[in-house]
*Asks:* 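Take this structure first; my questions come after.
Remember, it's a predicted structure, so these values are computed and weren't measured experimentally. One-based numbering, in listed order, for ligands and for the atoms of each. Residue numbers run from 1 in the order of the sequence given.
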Amino acid sequence: MQNRQSPIDIVPHQASRDPNLSQIVLNYDRCTSINISNNGHSVVVEFDDTDDRSVIQGGPLDNPYRLKQFHFHWGEKGCEGSEHTVSGNSYASELHLVHWNAVKYKTFDEAATAPDGLAVLGIFLDTGDDHRWLHTITDALYMVKFKGSITDFKDFNPKCLLPSSLHYWTYLGSLTTPPLHESVIWIVLKDPITVSEKQLGKFRMLLFTGEEEDQRLRMENNFRPPQPLKGRKVRSSN
Ligand SMILES: CNS(=O)(=O)c1c(F)c(F)c(SCCO)c(F)c1F
Ligand SMILES: [Zn+2]
């Protein structure tokens, strides 16, 4: 039975303000990025998650969750591309920082099938001016054009991709790509970051297909549409 699927349409005035929801705390200062790769679905930056050097905690989370990777979802044009929508409106893209509960589970794969196994921080991307730090990622995309390509990507701290406010909505959901495990505590930031159309266009140069394949399919529209709420409550930080 699938009754906590993601993404969803978030309707702000239907979200319940929960005074018990504390702020989220991101301890990314000692994070260790390792590589950047094209997995045929998205572009992914992986982190060393062998200890608690970079964690998210607080808010709806009972434990600290370890940063494992981040990746993006985007469209073929600026007016769509995010997975979550807000009152039916899409953003151009959505960044997902994936964390896992290493206090309760031994491995990421074990956590990925548990109802409180993962915490994904979702950040909307709006189009406008250039983002001053996103070029570090977009400059590396030519190295991972093809599915299955991977290259070193050291010393990147995703803190530079956060908006000014950490106000958020939170609800219980799932992965948005197969196997769609219902194992995600979602924390979606209310404020978007701004990137330029030019920067976003570089994501669309990536390919779904591998170097050896004769068909070249541009990587775009790798977002899942909103799923039924099925009675779930969305809570809002203050
Ligand atoms: C939330 N977005 S998602 O479902 O598309 C997604 C994803 F694309 C991932 F790659 C991973 S990590 C898999 C092992 O690395 C993940 F947990 C996810 F939830
Ligand atoms: Zn995602």
*Asks:* Among all protein heavy atoms, pick the one closest to atom 19 (F) of ligand 1 and tell me residue, atom and distance.
*Replies:* L175 CD2, 3.0 Å
*Asks:* Which heavy atom of the protein is the closest neighbour of atom 14 (C) of ligand 1, given with residue, atom name and distance?
*Replies:* F108 CE2, 3.7 Å
*Asks:* Are T50 and D48 close enough that a side-chain donor and a side-chain acceptor fall under 3.5 Å?
*Replies:* yes
*Asks:* Taking atom NZ of K233 as the centre, does the number of heavy atoms from other residues, nucleotides or ligands within less than 6.0 Å exceed 12?
*Replies:* no
*Asks:* Take a 6.0 Å sphere around NZ of K106 and say whether it holds more than 12 heavy atoms from other residues, nucleotides or ligands.
*Replies:* no
*Asks:* Run the contact test for V98 against ligand 1 with a 4.0 Å cut-off on heavy atoms, strictly below, and give the result.
*Replies:* yes
*Asks:* Measuring from non-hydrogen atoms of W100 to any atom of ligand 1, is the shortest distance under 4.0 Å?
*Replies:* no
*Asks:* Which of the atoms in ligand 1, numbered in the order shown and given with their element, are less than 4.0 Å from a heavy-atom of H73?
*Replies:* 2 (N), 5 (O)
*Asks:* N/O of T177 under 3.5 Å from N/O of ligand 1, yes or no?
*Replies:* yes
*Asks:* Among all protein heavy atoms, pick out the one at the shortest distance from atom 15 (O) of ligand 1; state its residue, atom name and that distance to 0.1 Å.
*Replies:* K68 CE, 3.6 Å
*Asks:* Identify, by name, the N, O or S atom of H96 lying closest to the Zn ion (ligand 2).
*Replies:* ND1
*Asks:* Under 4.0 Å from a heavy atom of H96: give me the atoms of ligand 1 that qualify, with their elements.
*Replies:* 1 (C), 2 (N)
*Asks:* Between K202 and E197, is there a salt bridge with N-O shorter than 4.0 Å?
*Replies:* no
*Asks:* Can N101 and N63 be counted as having a side-chain donor-acceptor contact under 3.5 angstrom?
*Replies:* yes
*Asks:* Give yes if a backbone or side-chain nitrogen or oxygen of T176 is under 3.5 Å from a nitrogen or oxygen of ligand 1, and no if not.
*Replies:* yes
*Asks:* Checking contacts here: is it the side chain or the backbone of W186 that comes within 4.0 Å of ligand 1, counting heavy atoms only? Could be both or neither.
*Replies:* side chain
*Asks:* Does any N or O in the side chain of S196 come within less than 3.5 Å of the main-chain N or O of Q199, such that one atom is a donor and the other an acceptor?
*Replies:* yes
*Asks:* Given H73, which of H84, H96, H41 fulfils the side chain to side chain donor-acceptor pair (under 3.5 Å) condition?
*Replies:* H96
*Asks:* If we count only N and O atoms by modelled type, under 3.5 Å, do the side chains of T32 and R53 hold a donor and an acceptor together?
*Replies:* yes
*Asks:* Measuring from atom 10 (F) of ligand 1, which candidate in H71, Q69, H41, H181 has the nearest non-hydrogen atom?
*Replies:* Q69
